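One structure is given here, and the rest of the page talks about it.
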Amino acid sequence: MPAEFFETVEKIKAMGESGPRAARDPVNLPMINNWTEAIGDANPRYTGPDAEAPPAMIQVWTMNGLHGSRSADDPLGLMMAELDARGFESVVATNCDQVYHRRLRLGERLTVTTKLETVIGPKTTGLGEGWFVTTRNIWYSGEEPVAEMVFRVLKFKPAPKAPPVEPVRVTRPMISLDTRFFWDGTQAGELRIQRCPACGTLRHPPGPMCPSCGHESPEYVVASGRGEIFSYVVHHHPAVPGKKLPIVIALVELEEGVRMLGELLDCDPAEVSIGSPVTLALTRIDDDLTLPFWRLASPNDQRRLP
C-alpha cells in the first residue's frame, strides 16, 4: 500500500469517537417481545411493565433501518470507502465481542458512537488478500456508557477463480442398505425389482418394508427389461454434468407393472410419445457403477437383458 493509505488510517484513528447516533425509538416492550419470541427466551424479567431489555439486543436499538445511511464521520464507513477505492471491495465479518455494563430499562433512549482501533494487513486468507479493520462501538444512555462492542471485518480482494473443473460423466446415485440389491443387480446385468415375499407386491423405488402388508424382509425378482413410456419430459435447462442437452427423461411402465424413471438414449425428442415401447440399456460407467437407461424399441422388439 502507498504511504498515503497509512496516513489516511492514522487520520481516521485520530478522529476518535464519531458523533453520537441516536436510536430511532426508546427501549420498548414490543421490540423486546419480538426478540424473545424469535429466540425462544421466556425469562420473566423481559416481560411486563418493569421489563428489562435482553443485553444481547444492544445493537437493535441503534440500527440505521432499511433506508438508513452512515454519518459522514463514521470511521468504519470511511475505512470501507478507502479500501474499496484500492480494490478491496469484498467484506466479511470475522468476529464481534460485546461487553454489557448494565441492563437497559424501558423508556431509555440510547446513542452510539464508533471509533477506529486498528487496520492490520495485508493478510493472505482463503478468501483472498485483505485487511482486518477493527472498530469499537460504545452505547450511551445519556452520558453513561452502558455497553461496548469490538467489531472486526475483513476487507479483501477475492482470490482469482480457479479454472473450471472438467464435469463428471454422471451424477452418481446414493446407495443405501435398501437400494444396494438394485445396484448390485445392474452390475450383474439384471434389472431387479423389489418383491414382498408375504403378499407378492412389487414396488419401485425400493423401501425397507412392504407398503401393502408391512413385511420387513423384501426379496426381488428380475424384470424383463421391457416397458412403455407412461410420461416424459424434454430437459433443456439447467445443464446436467456430462450431458449434451436436450435430453429426454421418461417414466417407464415395466411389463411387471411398476414404473421407473430414466433417460432415453440416442433419441430425437420429436420421436417420443406416450406409449412408445422401450427396452433397457444398461450402461457401465466404471468398475463400481452400471446405470439403467432406456432406448426406443419397436413394438415387436423381443430383446431381453444380457
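From a predicted model like this one, the values you see are computed outputs, not experimental measurements.
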Q: Just do the side-chain contact (heavy atoms from CB on, under 4.5 Å) check on Leu127 and Leu154 with the steps written out, would you?
A: CA-CA 9 Å; Leu127 295 172; Leu154 171 66; 4.2 Å; yes
Q) So with a 6.0 Å cut-off around CE of Met57, is the heavy-atom count from everything else above 12? A) yes
Q.
When you compare the side chains of Glu129 and Thr124, does any donor N or O come within less than 3.5 Å of an acceptor on the partner?
A. no
Q: State, with a plain yes or no, whether a side-chain heavy atom of Leu104 is found less than 4.5 Å away from one of Val146.
A: yes
Q | Transitive ILVMFWY side-chain link Phe132 to Met79, under 4.5 Å | A | no
(Q) Can you tell me if Leu177 has over 12 outside heavy atoms packed within less than 6.0 Å of its CG? (A) no
Q. Can Asn64 and Arg21 be said to form a side-chain hydrogen bond (donor to acceptor under 3.5 Å, both in side chains), step by step?
A. CA-CA 9 Å; Asn64 280 322; Arg21 185 177 77 249; 3.1 Å; yes
Q: Look at the side chain of Thr118 and the backbone N and O of Ile120, then say whether any donor-acceptor pair between them is shorter than 3.5 Å.
A: no
Q | Cationic N near anionic O, under 4.0 Å, Glu117 to Arg136 | A | yes
Q: Verify salt bridge (Lys or Arg N to Asp or Glu O under 4.0 Å) between Lys115 and Asp74, making sure each step is shown before the conclusion.
A: CA-CA 8 Å; Lys115 66 179 179 180; Asp74 176 66; over 6 Å; no
(Q) One pair to check against side-chain hydrogen bond (donor to acceptor under 3.5 Å, both in side chains): Trp294 and Thr279. What are the steps and the verdict? (A) CA-CA 6 Å; Trp294 301 90; Thr279 56; over 6 Å; no
Q | Sidechain-backbone polar pair: Asn43 side chain, Tyr46 backbone, donor-acceptor under 3.5 Å | A | no
Q | Exam field: side chain Thr36 to backbone Ile32, donor-acceptor pair closer than 3.5 Å | A | yes
Q) Going through the checks in order, is the side-chain contact (heavy atoms from CB on, under 4.5 Å) test met by Arg226 and Leu280? A) CA-CA 6 Å; Arg226 295 188 298 271; Leu280 182 67; over 6 Å; no
Q: For Glu256 and Ser224, indicate whether the former's side chain and the latter's backbone hold a donor-acceptor pair under 3.5 Å.
A: yes
(Q) Could you report the tightest heavy-atom contact between Val278 and Glu228, atom names first, then the distance? (A) CG2-N, 4.1 Å
Q: Measure across Leu265 and Ala281 and return the closest heavy-atom pair with its distance rounded to 0.1 Å.
A: CD1-CB, 4.3 Å
(Q) Check for me, please, whether Met209 and Leu202 land in the same ILVMFWY cluster - side-chain distances under 4.5 Å, paths through other members count. (A) no
Q. Between the main-chain N or O of Val248 and the side-chain N or O of Glu263, is there a donor-acceptor pair closer than 3.5 Å?
A. no
(Q) Other residues, nucleotides and ligands only: do more than 12 of their heavy atoms fall within 6.0 Å of CD on Glu37? (A) no
(Q) I'd like to check Leu191 versus Met260 (side-chain heavy atoms, cut-off strictly below 4.5 Å). Are they in contact? (A) yes
Q: Working to the nearest 0.5 Å, report the span between CG of Leu110 and CD of Glu108.
A: 6.5 Å
Q | Exam field: side chain Ser141 to backbone Glu144, donor-acceptor pair closer than 3.5 Å | A | no
**Q.** Within one Ile-Leu-Val-Met-Phe-Trp-Tyr cluster: Ile175 and Tyr220, side-chain cutoff 4.5 Å
**A.** yes
**Q.** The single option from Val234, Ile229, Ile247 passing side chain to side chain contact (heavy atoms under 4.5 Å, CB included) against Leu264
**A.** Ile229
Donor-acceptor pairs are to be reported for all side-chain atoms of residues 89-97 against protein atoms at under 3.5 Å, with residues two or more places apart or in another chain.
unit_1 : atom_1 : unit_2 : atom_2 : d
Thr94  : OG1    : Arg152 : O      : 3.0
Asn95  : OD1    : Arg152 : NH1    : 2.8

Q) For atom CZ of Phe293, is the number of surrounding heavy atoms from other residues, nucleotides or ligands below 6.0 Å larger than 12? A) yes
Q.
On the six-membered ring of Phe230, is Arg259 placed so that its NZ or CZ lies under 6.0 angstrom from the centre and within 45° of the ring axis?
A. yes
Q | Ser18 side-chain N/O to Thr114 backbone N/O, donor-acceptor pair under 3.5 Å | A | yes
Q: Could you go through the salt bridge (Lys or Arg N to Asp or Glu O under 4.0 Å) check for Glu219 and Arg195 one step at a time?
A: CA-CA 5 Å; Glu219 56 187 25; Arg195 177 183 178 275; 2.3 Å; yes
Q) Under the side-chain contact (heavy atoms from CB on, under 4.5 Å) criterion, do Glu17 and Ile138 qualify, and how do the steps go? A) CA-CA 9 Å; Glu17 291 184 46; Ile138 304 176; 3.7 Å; yes
Q | Beyond-backbone contact of Phe5 with Glu82, side-chain heavy atoms, under 4.5 angstrom | A | yes
Q: Would you check, one step at a time, whether the test salt bridge (Lys or Arg N to Asp or Glu O under 4.0 Å) holds for Glu7 with Lys11?
A: CA-CA 6 Å; Glu7 293 172 0; Lys11 288 179 181 178; 5.5 Å; no
Q | Check: Thr186 and Trp183 side chains under 4.5 Å, non-hydrogen atoms | A | yes
Q) Shortest non-hydrogen contact from Leu116 to Lys13? A) CD2-CG, 3.6 Å
Q: Please assess Lys155 against Asp84 for the test salt bridge (Lys or Arg N to Asp or Glu O under 4.0 Å), listing each intermediate value before the final yes or no.
A: CA-CA 8 Å; Lys155 283 286 285 180; Asp84 283 344; 2.5 Å; yes
Q: Take Ser71 and Asp73, measure what side-chain hydrogen bond (donor to acceptor under 3.5 Å, both in side chains) needs, and give me the verdict at the end.
A: CA-CA 5 Å; Ser71 62; Asp73 67 343; 2.8 Å; yes
(Q) Tell me whether Thr8 contacts the main-chain N or O of Glu4 through its side chain, where contact means a donor paired with an acceptor under 3.5 Å. (A) yes
Q: Please report the closest heavy-atom contact between Cys210 and Thr201, naming both atoms and the distance.
A: SG-CB, 4.1 Å
Q | Stepwise side-chain contact (heavy atoms from CB on, under 4.5 Å) test for Met63 and Arg24 | A | CA-CA 8 Å; Met63 284 183 172; Arg24 294 191 296 176; over 6 Å; no
Q: Compare all side-chain heavy atoms of Cys267 with those of Val272 and state whether any distance is below 4.5 angstrom.
A: yes
Q: Decide yes or no for Pro211 and Arg203: does some side-chain heavy atom of the first lie under 4.5 Å from some side-chain heavy atom of the second?
A: yes
Q. So how far is it from Phe181 CZ to Gln194 CD, rounded to the nearest 0.5 Å?
A. 4.5 Å
(Q) Are the side chains of Arg172 and Asp286 in contact, using a 4.5 Å heavy-atom criterion? (A) yes
Q. Should the ring pair Trp131 and Phe88 be called parallel, tilted or perpendicular, given that the plane angle runs from 0 to 90° and is split at 30 and 60?
A. perpendicular
Q. Going by atom types alone, do Trp139 and Thr62 pair a side-chain donor with an acceptor below 3.5 Å?
A. yes
Q) Any donor and acceptor pair, going by atom type alone, linking the side chain of His235 with main-chain N or O of Pro238 inside 3.5 Å? A) yes
Q: Please report the shortest heavy-atom distance between Cys196 and His215, naming the atom on each side.
A: SG-CB, 3.6 Å
Q) Does one hydrophobic cluster hold both Val112 and Val150, with members joined at side-chain heavy-atom distances below 4.5 Å? A) no
Q. So, for Pro2 and Arg86, which heavy atoms are closest and what is the spacing to 0.1 Å?
A. CG-NH1, 3.3 Å
Q) Pro206 versus Pro218: any side-chain heavy-atom pair under 4.5 Å? A) no
Q: Treating Ile, Leu, Val, Met, Phe, Trp and Tyr as nodes and any side-chain heavy-atom pair under 4.5 angstrom as an edge, say whether Met80 and Val119 lie in one connected cluster.
A: yes
